Amino acid sequence: MAPGRKPSMGQPTGSEAGERAYAAMIARAQALVPRLRERAARTEELRHLPPETERDLHDAGLFRMLQPARIGGAELDYVALVDCAELLGQADASVAWNLANLASHHWMLGMFEPKAQDLVWSRDPDVLIASSFIFPAGRATKVEGGYQLRGSWPFSSGVASCEWNMLASVVYSEDEADGIEYRIFLLPKGDYNVLDTWNVAGLRGTGSCDVEVRDAFVADHMTIAVGDLSGGPAPGSKVNPNPLYALPVFSLFPYVLSGVALGNAQACLDDYTEVARHRISTYNRAKLSDFQSTQIKIAEASAKIDAARLIMRSACLDAMEEARRGHIPDMATKTRYRRDGSFSVNLCTDAVSMLFAASGARGLFTSGVLQRQFRDAHAINSHLAFNFDAAGTNYGRVALGLPSENLTL
């Protein structure tokens, strides 16, 4: 067993059928790793997932891991998102990133009004849904029967392959006494334009382009208020009673993507360890594995990765257990989920950075995977959900009795 590699702990659903479904999903994800790793260079070159990769993910049922069972989805526990993203992240972080993103939108759609779910899934239960949850990027106003929406959103991962998009916006009112509201709007692809803006250093294969909405009408049932996603029954609970669809969405938001960082870091450690077993120093012909510094780096990196895995999975398992009990987490718990999500990904980034530095000039060659793992690690870490200054500040505020500054919680 490679350093830091732990057997899956499974998902404690209490259901034998659930355990079997989870194990089967994990096995299908694991089976894809070799071929996805072979395609990683091409994925970067394309700047989006190759069609055959998307087909593999569809055929394995991975996009539908959190989709309601009534639609034919697997309806697995939330921790499956971390575990599957970790496995695919060991092959290619871009693939894992898009898989986790797009799979999470099936989960979120399960919380929308049933009418919205039926409209999307009755046409094609395999349909992909993109997103951009940057609220200030949009401007919405209430009109009869719905909302008028406009704006320009960055970072809509995998959008070229999607038929729908979940776009976050602030809703403004002419009456200042009404204040502002945060909502998510579900739009078909004909209502937005995709701008080819994704030319980046890391996560190059995610195709996370900008989208633009000039002036679209969105019916009431195709939107959901952020307040309805803060934990407890959502509008979709009428047809999807599983506690999975009562989780606090934005409190757990980091764990949609944290498994990607985990898998990328684990692959980096595995690769470094394998090379160190056989590599001879260029300058004195000593075996790299005999160096104490090499041994310490492997120990430290594996400890960070193991700790990150434990933190990520514990948060997801704890949230599911609380939802099964019908408990809605308080603000202290919500800010702890955000704190731990960012901290665990920072641990993964630290591990990759340390191994990259320890690899010397070998890591610089574009023919190797280490430079991609390094670039992807820092691209992942740049996501706002993993900014520990923001998450840590808000956690500290709440711990000190001050109000949360994160309006999505």
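Values below: every heavy atom of this structure, side chains too, minus hydrogens, waters and symmetry copies. Note that the coordinates shown come from a computational prediction; the quantities given were computed from them, not determined experimentally.
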In terms of side-chain geometry, is the basic nitrogen of Arg183 or Glu181 positioned less than 4.0 Å from the acidic oxygen of its partner?
yes

How far apart are the closest heavy atoms of Ala93 and Arg372, and which atoms are they?
N-NH1, 4.4 Å

Judged by modelled atom types alone, do Ser404 and Asn394 share a side-chain donor-acceptor pair under 3.5 Å?
yes

Hey, is Arg70 close enough to Glu75 for a salt bridge, meaning N to O under 4.0 Å?
no

Classify the ring geometry between Phe133 and His105 as parallel (under 30°), tilted (30 to 60°) or perpendicular (over 60°).
perpendicular

Carboxylate-amine/guanidinium proximity below 4.0 Å for Glu45 and Arg42
no

Side-chain (Lys189) to main-chain (Val194) donor-acceptor, under 3.5 angstrom
no

Drop me the distance from Leu99's CG to Asp92's CG, to the nearest 0.5 angstrom.
11.5 Å

Listed by chain and number, what are the side chain to side chain donor-acceptor pair (under 3.5 Å) partners of Asp318, not counting sequence neighbours?
Tyr337

Which of parallel (below 30°), tilted (30 to 60°) and perpendicular (above 60°) describes Trp107 and Tyr78?
tilted

Decide if the gap between the ring center of His106 and the ring center of Trp121 is smaller than 6.0 angstrom.
yes

What residues form a side chain to side chain contact (heavy atoms under 4.5 Å, CB included) with Leu407, not counting sequence neighbours?
Tyr182

Less than 3.5 Å apart, any donor N or O on the side chain of Thr273 or Asp270 sitting next to an acceptor on the other?
no

Salt bridge present between Arg313 and Glu86 (N-O < 4.0 angstrom):
no

Please list, one pair per line, the donor and acceptor atoms closer than 3.5 Å that link side chains of residues 34-41 to other protein atoms, with sequence neighbours excluded.
| residue | atom | partner | partner atom | Å |
| --- | --- | --- | --- | --- |
| Arg35 | NH1 | Asp56 | OD1 | 3.4 |
| Arg37 | NH1 | Gln90 | O | 3.0 |
| Arg37 | NH2 | Asp271 | OD1 | 2.9 |
| Arg37 | NH2 | Asp271 | OD2 | 2.5 |
| Arg39 | NH1 | Thr53 | OG1 | 3.0 |
| Arg39 | NH1 | Asp56 | OD2 | 2.9 |
| Arg39 | NH2 | Asp56 | OD2 | 3.0 |

Among Val213, Thr141, Val218, find the residue that satisfies the side chain to side chain contact (heavy atoms under 4.5 Å, CB included) test when tested with Gln148.
Thr141

